[in-house]
Amino acid sequence: MPAGLGRLRSAEEFERVKREGGYWRGRLCALNAARRAITQDDWQTNPPKVGYITPRRLGKAVHRNRARRLLRESVRLLAGRLPPHWDIVLIAQRELVKPGVRMRDVQDELIWLLTKAHILMPAQTQDHNQI
RNA sequence: CGAGUUCGCCGGGCGGUCGCGGGCGCAACAGCGCCUGAGGAAAGUCCGGACUCCACAGGGCGCGGUGCUGGCUAACGGCCAGGCGGCGCGAGCCGACGGAAAGUGCAACAGAAAGAUACCGCCCGAUUUUGGGUUUUCCGAUCGACGAUUCUGGAUUGGGCUGCGCGCUCAAUCACAAAUCCAGAAUCCCAAGCCCGAAAUCGGGUAAGGGUGAAAUGGUGCGGUAAGAGCGCACCAGCGUCGCAGUGAUGCGGCGGCUCGGCAAACCCCACCGGGAGCAAUGCCAAAACGCGCAGAUGAGGCGGCCCGCUGAUGCGCAGGUAGGCAGCUAGAGCCUGGCAGCAAUGCUCAGGUCGAGAAAGAUGAUCGCCUCGGGCCGGCUCGCCGGCCUACGACAGAAUCCGGCUUACAGGCGAACUCGAACA
RNA sequence: GCGGGUGUGGCUCAGUGGUAGAGCGUCUCCUUGCCAAGGAGAAGGUCGCGGGUUCAAAUCCCGUCGCCCGCU
């Protein structure tokens, strides 16, 4: 896990985000994000944490794995633009698994969702956008 | 060349860049380097095992599974070989393929009857009724038997009284007709015998035929019979038994008595197998909180190397064991090549080589370049070849303790053997 | 990992090997000035799918697909 990016794992964390956070739904995936209590503005101690939900309705194991990988890769490319103290949950939608969905589509959708949620920080370096 | 069958195999390749899981090394604070990282089905979870825990003297009842034979295997509902039956021209494919004279049950509709029966029919006998045919010719004797009709001849004649007759009495011109009687002839009838039937009823024989059904007590032919029937014979099917071949399923042959229905993926019977749960098993370590014990304002504990000093209410131990962590956890009925045994499945304390994932909100991804196979489009055109362009968005699908099978899904492609058909030789 | 249930007309469900049914809904007609209610009638079915057993399968057996629900 690179610096400045954490994972959500426990059920309590997911429950908290769902209970306290906002919800934005897109075509390929949905966004569920909540802010943690601020203690210190530091990526080292309080990086943004991301969790992924791939429900069973997406399909069988192949499709659910593919959905999670697409979302994870997409988040990796945007890692530097995510603010600290945020818990972000990404929920894959059925459209994400359909054939023909490319990496570019997922990333565009994610940027759009994060912008709507007002939690995307401006691009700091050029390469994050280019890849 | 076309159509097909069986078996085996592949499931794009090479290389950049950015990432992810695991291992090792260096560092030990972020990190760096090297190695390594999905499948033939990893799937469904339909069977069988290994492994772990629990239960367990033995027996009975019950429940579940399997079901031709022999072999293989750790085991199996798997595999191999064989038998039998079915399908296919064939290569081949398919088959829960033990038992229906142990018992219980089921079979709609139709049909007489669906396990023990006889509707129609066929045949025999008896009784009653009835139809038809034929004989009763000649001679002699006897005797006609009741008639009917027609013809011919002859005779008689009415009414009343009376039981009938004689008789009495009354009436009457004759004849014909009519009636009655007698004789003869013809025809018919009748009778008797024989033959051929018909109908009804009763008694018996039969299961060949008809018809119903998915299915009706072997099939075909010849004989046989009152009609028929394995009643007899031949062949086939089936049963039993004997002999031979085979480990066996079974096959072949002989003999015998003569035919005993179907369904057990209906209950069931027989034989064999099966204790239960599952790696979220199980074992170890073990926060917080709880419980018990001990110490504690006569000072627990902390600060500190110690004393002093300051602070001032908890501290320590034990047990269970939650969160969590570690083990189980990946070197095994392992894989590859060869040898030997075996038809084969498979086996071998045979030889050599080899190590190929171990995650836990669960790692395999993203992107770029080149090549190649298939595909698509366009053009040429000798009509099945050539050239150009575009394309890895080009299958099913993702390990979760491991292994052996089964089943299911699968773009496209490769190889081998065999079968059928066509052409050529 | 271990197990259970279910699939039948548009909807909710019955169905015991022998012709697939009920209620609601739909359509037509009657009734009413009109509507509702009521009455009469009609249409509508690969019984999830593929095999097998049987004379005959929605039903029995095997495989497969979808949906739902438990336990650890």
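Distance, Tyr52(A) OH to G362(B) P: 8 Å, rounded to whole Å. In this structure, Leu77(A) atom CG and U367(B) atom C1' are separated by 10 Å, rounded to whole Å. Residue Arg64(A) contributes atom CZ, which lies 20 Å from atom P of A359(B) at whole-angstrom precision. Separating the CG atom of Leu96(A) from the C1' atom of A366(B) is a distance of 14 Å, rounded to the nearest angstrom. Atom CE in Met103(A) sits about 13 Å away from atom P in G365(B), given to the nearest Å. Whole-Å rounding puts the Leu70(A) CG to A363(B) P distance at 13 Å. Here the P atom of nucleotide G324(B) and the CD atom of Glu12(A) are 9 Å apart, to the nearest Å. One atom, CZ of Arg56(A), and another, P of A361(B), lie 19 Å apart when rounded to the nearest Å.
Base orientation of A30(B): syn (glycosidic angle within 90° of 0). Anti is the glycosidic conformation of G12(B), whose angle departs from 0 by more than 90°.
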Could I get a table of every N or O pair under 3.5 Å where one atom is in the protein and the other is in nucleotides 394-398 of chain B?
from, atom 1, to, atom 2, distance (Å)
G398(B), OP2, Val62(A), N, 3.1
G398(B), O2', Asn65(A), ND2, 3.3
G398(B), N7, Arg69(A), NH1, 3.2

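Counting Ile, Leu, Val, Met, Phe, Trp and Tyr side chains that sit under 4.5 Å apart, directly or through other members, Leu58(A) shares a hydrophobic cluster with Val97(A).
Taking only side-chain nitrogens and oxygens, Arg68(A) comes nearer than 4.0 Å to OP1 or OP2 of A363(B). Proximity of Arg7(A) to the phosphate of A363(B): no side-chain N or O atom is located under 4.0 Å from OP1 or OP2.
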Item to complete: Let me see the working for Val75(A) and Tyr52(A) under side chain to side chain contact (heavy atoms under 4.5 Å, CB included), right down to the final yes or no.
Response: CA-CA 10 Å; Val75(A) 166; Tyr52(A) 309 92; 3.6 Å; yes
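Annotation for Lys116(A): atom NZ counts as buried by contact number, over 12 foreign heavy atoms lying within 6.0 Å.
Look at the C1' atom in both A74(B) and G49(B): the space between them is 7 Å, to the nearest Å. Comparing U250(B) with U69(B), their P atoms are spaced 9 Å from each other, to the whole Å. A351(B) and U346(B) have their P atoms separated by 22 Å, with the value rounded to a whole Å. For G262(B) and G103(B), the P atoms lie 15 Å apart once the distance is rounded to whole Å. Only the C1' atoms considered, A199(B) is 39 Å distant from C143(B), to the nearest whole Å. For the C1' atoms, the distance from C268(B) to G67(B) is 16 Å, rounded to whole Å.
Across every strand in view, U26(C) sits in a pair with A42(C) that passes the Watson-Crick or G-U test at under 3.5 angstrom. Shown here, U136(B) forms a base pair with A191(B); the pair counts as Watson-Crick or G-U wobble because both key distances fall under 3.5 Å. The partner of U241(B), taking Watson-Crick or G-U wobble pairs whose two distances both stay under 3.5 Å, is G254(B). Using N1 to N3 plus N6-O4 or O6-N4 for Watson-Crick, or N1-O2 and O6-N3 for G-U wobble, each under 3.5 Å, C418(B) pairs with G4(B). For G64(B), the paired base is C273(B) (Watson-Crick or G-U wobble, both distances below 3.5 Å). Nucleotide G33(B) forms a Watson-Crick or G-U wobble pair with C24(B), both donor-acceptor distances falling under 3.5 Å. Within the shown strands, nothing qualifies as a pairing partner of C393(B) under the Watson-Crick or G-U definition with both distances less than 3.5 Å.
The two residues Pro83(A) and Pro48(A) have their closest heavy-atom pair at O-CB, 3.2 Å.
No salt bridge links Glu15(A) with Lys18(A); every basic N to acidic carboxylate O contact stays at or beyond 4.0 Å.
Here the straight-line distance linking atom CZ of Arg27(A) with atom CD of Glu95(A) works out to 5.5 Å at 0.5 Å rounding.
Residues satisfying the side chain to side chain contact (heavy atoms under 4.5 Å, CB included) criterion with Arg66(A), sequence neighbours excluded, are Leu70(A).
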